[in-house]
Novice: 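For reference, the structure I am asking about is given below.
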Amino acid sequence: MSSGVRTERLCDEIDAAATLADGMTIAIGEPAPMAMVRHIIRRNLRNLTVIASGLTLDLLVAAGCVKKAISYYAGGGFGVPVAPAFRRAVERGEVTVWECEEGILTSGLEAAGKGLPFLPWRGGVGTSLPELNTDLKIIEDPIRGETLLAVPAIKPDVTLLHAATADVYGNVQHHGGPGWLDLFLARAAERTIVQVEKIISNEQVRANAWATTIGRADAVLRMPWGAHPYYSRGYYLQDSALLKDYVSAAERDDGAGLPAFLGHYCREPATHADYLERIGIKRLLSLHEY
Amino acid sequence: MSSGVRTERLCDEIDAAATLADGMTIAIGEPAPMAMVRHIIRRNLRNLTVIASGLTLDLLVAAGCVKKAISYYAGGGFGVPVAPAFRRAVERGEVTVWECEEGILTSGLEAAGKGLPFLPWRGGVGTSLPELNTDLKIIEDPIRGETLLAVPAIKPDVTLLHAATADVYGNVQHHGGPGWLDLFLARAAERTIVQVEKIISNEQVRANAWATTIGRADAVLRMPWGAHPYYSRGYYLQDSALLKDYVSAAERDDGAGLPAFLGHYCREPATHADYLERIGIKRLLSLHEY
Amino acid sequence: MSIDCSVSELLTCFLARDLNDGEELQVGVALPIPEAAVRLAHLMHGPNMELIFLGARMNVHHLERVPLPAFGWDNRVVRWTESFSDRGHRFDQVKDWHRRVFFIGGIQVDPFGNTNLIGVGEDYSRLKFRGPGSVGTPTLTTHVGRYYIVLNSHSPRIFVPKCDFISTVGWGQGGADARTRLGLPGGGPKYCVTPLCIMDFSEDEKRMRLRSVHPGVSVADVQRQTGFPLLIPDEVPTTPLPTSRELDVLRSRVDWVGALR
Amino acid sequence: MSIDCSVSELLTCFLARDLNDGEELQVGVALPIPEAAVRLAHLMHGPNMELIFLGARMNVHHLERVPLPAFGWDNRVVRWTESFSDRGHRFDQVKDWHRRVFFIGGIQVDPFGNTNLIGVGEDYSRLKFRGPGSVGTPTLTTHVGRYYIVLNSHSPRIFVPKCDFISTVGWGQGGADARTRLGLPGGGPKYCVTPLCIMDFSEDEKRMRLRSVHPGVSVADVQRQTGFPLLIPDEVPTTPLPTSRELDVLRSRVDWVGALR
């Protein structure tokens with residue numbers, strides 16, 4: 001009847017990365033949307049404030065993209081207590097940390113989503129966090145007089161996520177649950193861009209609407225193996241060997257490791273498909289979940 | 001290996017209702033767990049504070065169970081702007097209202113679940129709500145100085161819900177989404193009792209764990225048609241004719257309508273099965289969703 | 001009326017025209033005119049509209065017929081759901097509600113579009129008439145991009161100089177900055193529609209102003225049924241009638257049972 | 001040791017015995033001993049325990065073998081999930097965490113069990129060692145019924161008189177009411193376990209106290225490796241060894257790859 005048609009929200013990784021700019025606050029979910037992360041590095045973005053954790057954060061720090069990390073965890077997993085590039089950059093004062101923890105970060109994101117200037121939280125009372133992060137105010141609650149922290153709203157300019165499936169209209173469905181912070185990041189951000197393993201039909205979405213975790217992503221990218229070298233639930237496991245290669249490169253004393261690693265895996269491949277070709281289909285297929 | 005076995009949480013409506021007592025704060029979800037609601041009336045509980053809405057609230061008020069209603073909506077739907085027994089009881093001062101609205105109620109329940117004394121909320125600023133409900137404090141936010149309401153934590157003693165399915169261990173799954181308040185009520189309450197249409201196997205739960213909406217209900221009741229005369233998604237529609245009968249009974253000037261209605265539908269049937277027998281299988285089968 | 005339609009159909013078509021593609025249209029219980037209006041707009045010119053009924057979000061632009069419901073958690077109405085706006089988080093993304101449009105009723109409405117669903121009477125502990133309560137209207141009207149006040153009747157009992165209690169703030173005490181002074185981010189009420197007329201709010205004072213009268217209704221009729229002086233422009237047009245195409249779509253694809261006739 | 005087991009196995013069995021049926025056992029990343037301990041307890045005596053790994057909640061009491069993971073969002077580990085504690089609401093039911101047990105590490109620990117994951121150095125803007133950050137430990141330790149401090153090494157670098165920064169409050173400044181004074185509802189740290197010994201906290205002062213030394217370790221060894229004076233009872237027993245049944249279950253049904261040997 002209407003002459004119009006419903007607008008699709010599909011886009012490719014190059015166009016999606018083109019909407020990002022120096023100085024933005026960019027939130028990165030778990031598992032990390034690595035196709036987009038590699039394009040941030042490829043585009044050589046600078047002075048970013050990132051909400052990220054672990055080796056994803058480390059890679060962006062290593063590539064020189066990060067000015068400030070809103071970070072609750074920068075460990076490397078498997079025997080790497082602290083992510084190496086992050087550790088070095090913070091010790092040298094090159095990257096500042098908005099010191100927080102999961103409950104505090106969640107509260108700040110919730111406040112943004114709810115259009116509130118702050119939310120109160122108890123976790124962190126008695127710790128050094130409000131000293132180290134003066135954006136956190138110690139308050140007395142107006143009802144019972146208890147001591148709490150007031151966490152200011154945290155509003156990313158854009159949130160980047162990786163999920164299992166979506167339709168072309170931005171209805172995203174995770175397989176087996178999104179990373180714990182992902183939905184908070186999506187609700188708090190101005191825009192949300194979601195990579196998925198697979199595009200499904202709108203009918204498939206409607207057949208199980210309760211599984212829709214994000215109802216209207218601003219852009220959807222078809223990126224199979226797009227979280228590699230991380231896992232993607234229902235699709236593949238983490239490529240721990242490649243992550244260990246990264247850590248070895250980042251830890252090399254002569255500083256030669258990182259440029260080679262970043263060049264090979266992030267800067268040289270022009271598209272996600274080029275990256276996958278470089279990794280090789282056999283290696284990708286070996287990361288099965290069964 | 002272990003001599004123990006995992007404890008089942010199944011129970012019947014009589015044992016479940018026996019755990020309720022006069023003076024409690026009881027939260028009731030949507031669709032209403034009517035098998036339990038009828039047993040509250042059958043047990044003649046008194047002086048309850050209820051978190052409920054619409055004609056469910058009205059029925060409990062009509063039966064004399066309610067002292068205080070934490071109520072955001074007491075309309076009757078279909079041409080019944082205000083639930084009749086509620087309206088009469090409040091106008092006479094027999095029932096007091098903790099005046100609120102959905103965002104405020106949600107905030108109070110969230111505060112309880114999060115172990116916080118309060119949460120701030122903006123909806124309600126400028127209205128009469130903080131005058132009429134002095135538990136709501138007008139505050140200045142500690143970050144930007146904005147005017148907000150501080151909503152105190154609301155902690156039901158018990159939350160009663162109706163859902164689609166659960167396993168015997170209290171893993172509840174809704175069909176097509178729970179009522180909007182249900183999960184907040186469950187998280188805020190000391191105990192949660194859930195009626196379901198059908199008990200499913202633990203293997204079925206684990207096959208779609210993301211669909212689990214409540215992970216550990218304190219008690220699970222097998223109550224097919226347990227929300228009647230309300231709908232139960234995926235099972236049956238609302239029995240609007242019976243709800244209209246209720247409204248007619250409640251509106252009768254001579255006061256003779258309610259005792260007859262409450263006797264016939266709530267007080268006389270000893271069990272939920274007795275109630276269903278009284279309704280009749282033909283009527284129940286006519287409420288199909290297709 | 002020169003075109004054969006009911007007042008409910010007139011209002012439905014008027015509201016539908018005022019809705020823009022890409023908006024989220026949320027309708028609560030017991031508001032059949034907005035329920036029909038959002039469906040009509042969606043079919044007529046809103047392929048990117050999203051309809052939200054009790055937390056179920058859907059786009060049904062592709063359907064031949066979109067039933068006007070018996071509202072409620074009714075799978076026959078919400079079976080096209082794409083996501084649940086309330087998957088435990090109904091109010092957790094209000095920051096994006098500038099794109100959302102909402103509709104409210106009221107038992108009292110004042111000259112600045114403040115409304116009352118709480119009750120009537122001077123003494124709150126002994127109300128003359130206990131209303132249904134605020135539902136979610138305080139939160140919704142605080143944040144949505146704009147909303148419409150939709151009333152089933154028009155009388156001095158409803159249109160009062162001052163509400164006994166305020167459940168939703170429209171333009172507060174008046175003035176273009178009435179809402180920003182209170183820190184309310186949403187856009188406030190745009191129109192108040194009734195069986196007699198359409199009203200809006202003046203740009204400077206944000207007082208209720210007569211915008212058009214329905215066919216057969218005079219300006220004097222409206223003022224007589226309103227318990228405070230309306231702003232009345234020199235020229236008050238007649239509310240635009242539905243086109244035959246609008247009526248055809250409404251009657252054949254939305255309200256084929258004739259609930260609004 | 002008289003029974004042939006590793007220190008990791010000893011600690012695993014010690015912790016497992018201390019966990020009660022019906023508890024929720026949450027383990028974060030990179031803590032292989034607690035990961036094994038909760039599985040062992042679950043199989044040995046905890047049919048109603050719930051294991052929580054990164055938000056996935058499961059009961060696997062019925063399984064013949066329960067793999068010690070390569071941790072992570074790994075469907076091979078979490079495929080038995082019954083629900084997600086974080087379905088958008090990870091922290092929305094902390095009021096019930098009195099039933100939950102948690103485990104933390106640390107780069108510094110002080111005599112009152114306060115710990116530091118932030119960094120080492122006097123000047124926060126130029127840390128000598130930047131730590132991984134607080135993860136979720138401040139919130140978890142604020143609310144859980146009790147927690148265990150589990151360390152992979154025991155040295156004066158870790159056990160310091162005063163943490164440079166505090167990421168989790170154990171017993172604060174000491175005293176039985178240390179936590180209630182701060183308004184922290186959780187039960188605080190119960191034991192601190194290391195490759196040398198088990199420590200608890202005295203009832204009155206809540207200072208760290210030696211509870212048992214592992215086979216072959218002397219009290220003097222422990223004190224020498226601790227950067228502050230421990231409370232040392234007159235009699236310090238040896239940490240109880242695993243039973244052969246415990247070791248058998250651990251090795252055949254949890255850690256059959258031998259990660260803890």
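Just so we're clear, the structure is a prediction, and the values are computed from it rather than from any experiment. Residue numbers begin at 1 in each chain, while the letters A, B, ... track the order of the sequences.
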Novice: Got a second to check how far A:E203's CD is from C:E82's CD, nearest 0.5 Å?
Specialist: 9.5 Å

Novice: In terms of heavy-atom contacts, does NZ of C:K190 have more than 12 from other residues, nucleotides or ligands at under 6.0 Å?
Specialist: yes

Novice: Any chance you could measure C:D92, atom CG, to A:L183, atom CG, to the nearest 0.5 Å?
Specialist: 10.5 Å

Novice: Side chain, backbone, both or neither: which part of A:A207 has a heavy atom under 4.5 Å from chain C?
Specialist: neither

Novice: Can you name the nearest heavy-atom pair linking C:V94 to A:G115, along with the distance?
Specialist: CG2-N, 3.8 Å

Novice: Before you tell me yes or no, could you show the steps for A:R216 and C:Q93 under side-chain contact (heavy atoms from CB on, under 4.5 Å), namely the whole-Å CA-CA distance, both residues' side-chain angles and the distance that decides it to 0.1 Å?
Specialist: CA-CA 12 Å; A:R216 192 191 170 99; C:Q93 207 166 345; over 6 Å; no

Novice: Starting at OG1 of C:T81, measure out to CH2 of A:W210 and round the result to the nearest 0.5 Å.
Specialist: 11.5 Å

Novice: Is it the backbone or the side chain of A:A111 that comes under 4.5 Å from a heavy atom of chain C, or both, or neither?
Specialist: neither

Novice: How close do C:K95 and A:R187 get, heavy atom to heavy atom, and via which atoms?
Specialist: NZ-O, 3.0 Å

Novice: Using non-hydrogen atoms and a 4.5 Å limit, figure out which bit of A:A153 sits close to chain C: side chain, backbone, both or neither.
Specialist: neither

Novice: For C:H143 and A:K114, which heavy atoms make the closest approach, and how far apart are they?
Specialist: CE1-O, 4.3 Å

Novice: Between A:R206, A:E190, A:Q173, which has the largest tally of heavy atom pairs under 4.5 Å with chain C?
Specialist: A:R206

Novice: Which residues in residues 6-13 of chain A have a heavy atom less than 4.5 Å from any heavy atom of chain C?
Specialist: A:R6, A:T7

Novice: Heavy-atom distances under 4.5 Å only: say whether A:N208 touches chain C with side chain, backbone, both or neither.
Specialist: neither

Novice: Where the side chain of C:S83 meets the backbone of A:T212, is there a donor-acceptor pair that is under 3.5 Å apart?
Specialist: no

